[in-house]
Student: 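The structure that follows is given in the form of structure tokens.
Residue numbers start from 1 in every chain, and the chains themselves are labelled A, B, ... in the order their sequence lines are given, proteins ahead of strands. Keep in mind the model is a prediction, meaning the values are calculated, not measured.
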Amino acid sequence: MCGRFALKAPPADIASHFGVDAVPEAAPRYNIAPTQPILIVRHRWQQPEAGLEAVHVKWGLLPSWAKDESMAAKLANARGETVAEKPAFRSAFRRMRCLIPADGFYEWEATPSGKQPWFIRLKSQELLAFAGLWEHWQAPDGTPLETATIITTDANELVRPVHDRMPVILQPADYAAWLGAQTKAEDLKALLKPLPEDLMERYRVSRRMSNARNEGEECMAPV
DNA sequence: CCAGACGTTGTT
DNA sequence: GTCTGG
DNA sequence: CCAGACGTTGTT
DNA sequence: GTCTGG
């Protein structure tokens, strides 16, 4: 799955990798947790021909029909195998797809002595993109809220010893298809596969990062 | 018809 | 909003 | 995802 | 055990 990740790349690098004009200024983040703001890349809202934009939204999808915010916490992830059909996700799957930039993500290995966190990233150490969905929600009093979720799939051989699920990572050649309004559901589903393991690497990190309050650079430092 | 659910993870 | 269960 | 709280009363 | 906060 994907319940914690890092995004430390400078805004200018994110802008050039994804081809967006401007990325909001933000400090490097090494321990991003559900309910926190996350950066997403999407077609400009209601003017898709105007290109891509990068904005911050809350991590945890809130379907437009939700009565209150309580549902969002549980929807930090969506299973790729069922996301096209599940009531909470299918509408976003059709019309609200996004990319979620990251430098890598964390998974926990259950060991006799407790949960051991690992950091997993591209061997190239380049920026990567999770396949995501976003939604626009309005509170009963009219207050708007934008949210997003990260799609998961089976772990590949590199991740499997640590955990049996991992986020869907899209390759740059697939960004346009994932975001495109014209892409058929069948072709979208074909993108929701584990990234080949030979492109990735992993290493152990400090257990101190398991507490989401610890946000320093040491979270993703090898131990 | 109305009422109620709508999710993932890990663990058992 | 839309589907399922009663 | 993991960590941490989980309660009421009365008093300050 | 289950929910909330980060």
Student: Between C:dT2, B:dC6, B:dT8, spot the one nearest the side chain of A:Thr82, thanks.
Tutor: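 Of the candidates, B:dT8 comes closest.
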
Student: Starting the side chain at C-beta, find the nucleotide from C:dG1, B:dT9, D:dC1 nearest to A:Arg4.
Tutor: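 That would be D:dC1.
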
Student: Can a salt bridge be assigned to the pair A:Lys123 and A:Glu201 using a cut-off of 4.0 Å between side-chain N and carboxylate O?
Tutor: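 A salt bridge is absent here (no side-chain N lies under 4.0 Å from a carboxylate O).
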
Student: Between B:dC6, E:dG6, D:dA3, which one does the side chain of A:Pro87 approach most closely?
Tutor: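 That would be B:dC6.
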
Student: Figure out the CZ/C1' separation between A:Arg208 and D:dC2, and round it to whole Å.
Tutor: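 For the pair A:Arg208 CZ and D:dC2 C1', the rounded distance is 15 Å.
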
Student: Could you check whether any side-chain heavy atom of A:Glu217 comes within less than 4.5 Å of a side-chain heavy atom of A:Lys8, counting everything from C-beta outward?
Tutor: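 Not in contact.
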
Student: If you measure from the P atom in D:dG7 to the same atom in E:dT4, how many Å do you get, rounded?
Tutor: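 Between the two P atoms, the distance is 11 Å.
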
Student: Quick check for you: among B:dT11, B:dC6, E:dG6, whose closest atom lies nearest to any side-chain atom of A:Met71?
Tutor: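 It is B:dC6.
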
Student: Can you tell me if A:Arg202 uses its side chain to pair, donor with acceptor, with the backbone of A:Leu158 under 3.5 Å?
Tutor: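 Confirmed, A:Arg202 side chain pairs with A:Leu158 backbone.
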
Student: Taking side chain as C-beta onward, heavy atoms only, is A:Asn156 less than 4.5 Å from A:Met200?
Tutor: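 A:Asn156 reaches A:Met200 side chain to side chain.
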
Student: Rounding to a whole Å, what distance do you find between A:Ile120:CD1 and D:dC1:P?
Tutor: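 After rounding, the gap between these two atoms is 14 Å.
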
Student: Between D:dC1 and B:dT12, how far apart are the two P atoms, rounded to whole Å?
Tutor: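 Roughly 14 Å separates the two P atoms.
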
Student: Nearest of B:dT8, B:dT9, D:dG4 to any side-chain atom of A:Asn211?
Tutor: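 That would be D:dG4.
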
Student: Look at all strands and tell whether A:Ala33 reaches a base, only sugar-phosphate, or nothing, counting heavy atoms closer than 4.0 Å.
Tutor: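 Base: the residue A:Ala33, judged by heavy atoms under 4.0 Å, touches a nucleobase.
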
Student: Linking I/L/V/M/F/W/Y whenever any side-chain heavy atoms sit under 4.5 Å apart, do A:Met96 and A:Ile38 land together?
Tutor: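 Linked, A:Met96 and A:Ile38 end up in one cluster.
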
Student: Measure CG/A:Asp164 against P/B:dT11 and give the value in whole Å, please.
Tutor: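 About 10 Å, once rounded to whole Å.
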
Student: Closest approach to the side chain of A:Pro34, judged atom by atom: which nucleotide of B:dC6, D:dC1, C:dC3 is it?
Tutor: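 So the side chain of A:Pro34 is nearest to D:dC1.
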
Student: Indicate whether OP1 or OP2 belonging to B:dC6 is found under 4.0 Å from a side-chain N or O atom of A:Lys86.
Tutor: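 Negative; the distance criterion is not met.
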
Student: What nucleotide among B:dT11, B:dT8, E:dG6 has an atom nearest to a side-chain atom of A:Lys115?
Tutor: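 For the A:Lys115 side chain, the nearest candidate turns out to be B:dT11.
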
Student: Return the value, rounded to whole Å, for the distance between atom CD of A:Gln116 and atom C1' of D:dC2.
Tutor: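 It works out to 14 Å between those atoms.
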
Student: Separation of A:Asp68 atom CG from B:dA5 atom C1', in whole Å?
Tutor: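 Checked: the CG to C1' distance equals 14 Å.
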
Student: Whole Å only: how far is the CZ atom of A:Arg29 from the P atom of D:dC1?
Tutor: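 It is 19 Å, rounded to the nearest whole Å.
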
Student: For nucleotides B:dA5 and E:dG6, find the distance between their C1' atoms and express it as a whole number of Å.
Tutor: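 To the nearest whole Å, 28 Å.
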
Student: Could A:Lys184 and A:Glu186 be called an ion pair, given the rule that one side-chain N must be under 4.0 Å from one carboxylate O?
Tutor: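 No, this pair does not count.
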
Student: Flag yes if A:Val23 and A:Ile32 sit in one hydrophobic cluster, no otherwise; membership is Ile, Leu, Val, Met, Phe, Trp, Tyr, and two members link when side-chain heavy atoms are under 4.5 Å apart.
Tutor: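 Both belong to a single hydrophobic cluster.
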
Student: Determine: side-chain N/O of A:Thr152 to OP1/OP2 of B:dT9, distance under 4.0 Å, yes or no.
Tutor: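 Result: yes.
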
Student: Without decimals, in angstroms, what is the distance between A:Glu85 CD and C:dT2 C1'?
Tutor: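 These atoms are roughly 14 Å apart.
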
Student: Is there a donor N/O on one and an acceptor N/O on the other, under 3.5 Å, for the side chain of A:Thr35 and the base of E:dG6?
Tutor: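 Indeed, a donor on one side and an acceptor on the other fall under 3.5 Å apart.
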
Student: Please state how far atom CH2 in A:Trp59 lies from atom P in E:dG6, giving the value in whole angstrom units.
Tutor: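 Nearest whole value for this atom pair: 16 Å.
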
Student: Quick one: label A:Arg79 by what it contacts on the DNA or RNA (base, sugar-phosphate, nothing), any heavy atom closer than 4.0 Å.
Tutor: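 Contact class for A:Arg79: sugar-phosphate only.
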
Student: Taking the side chain of A:Phe89 as its heavy atoms from C-beta onward, which of B:dT8, B:dC6, D:dC1 lies nearest to it?
Tutor: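 For A:Phe89, the side-chain atoms sit closest to B:dT8.
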
Student: OP1 or OP2 of D:dA3 versus the side-chain N and O atoms of A:Arg213: is any pair under 4.0 Å?
Tutor: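 No, A:Arg213 has no side-chain N/O under 4.0 Å of OP1/OP2 on D:dA3.
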
Student: Over all strands shown, is A:Asn214 touching base, sugar-phosphate only, or nothing at heavy-atom distances under 4.0 angstrom?
Tutor: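 Result for A:Asn214 = nothing.
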
Student: Please determine, for C:dT2, whether a Watson-Crick or G-U wobble partner exists with both distances under 3.5 Å, and give it or none.
Tutor: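 By the stated definition (distances under 3.5 Å), B:dA5 pairs with C:dT2.
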
Student: Below the 4.0 Å mark, does E:dC3 have OP1 or OP2 next to a side-chain nitrogen or oxygen of A:Ser70?
Tutor: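 No, no such contact exists.
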
Student: For A:Trp65 and B:dC6, do the ring centres fall under 5.5 Å apart while the planes stay under 30° apart?
Tutor: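 Aromatic stack with B:dC6 present for A:Trp65.
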
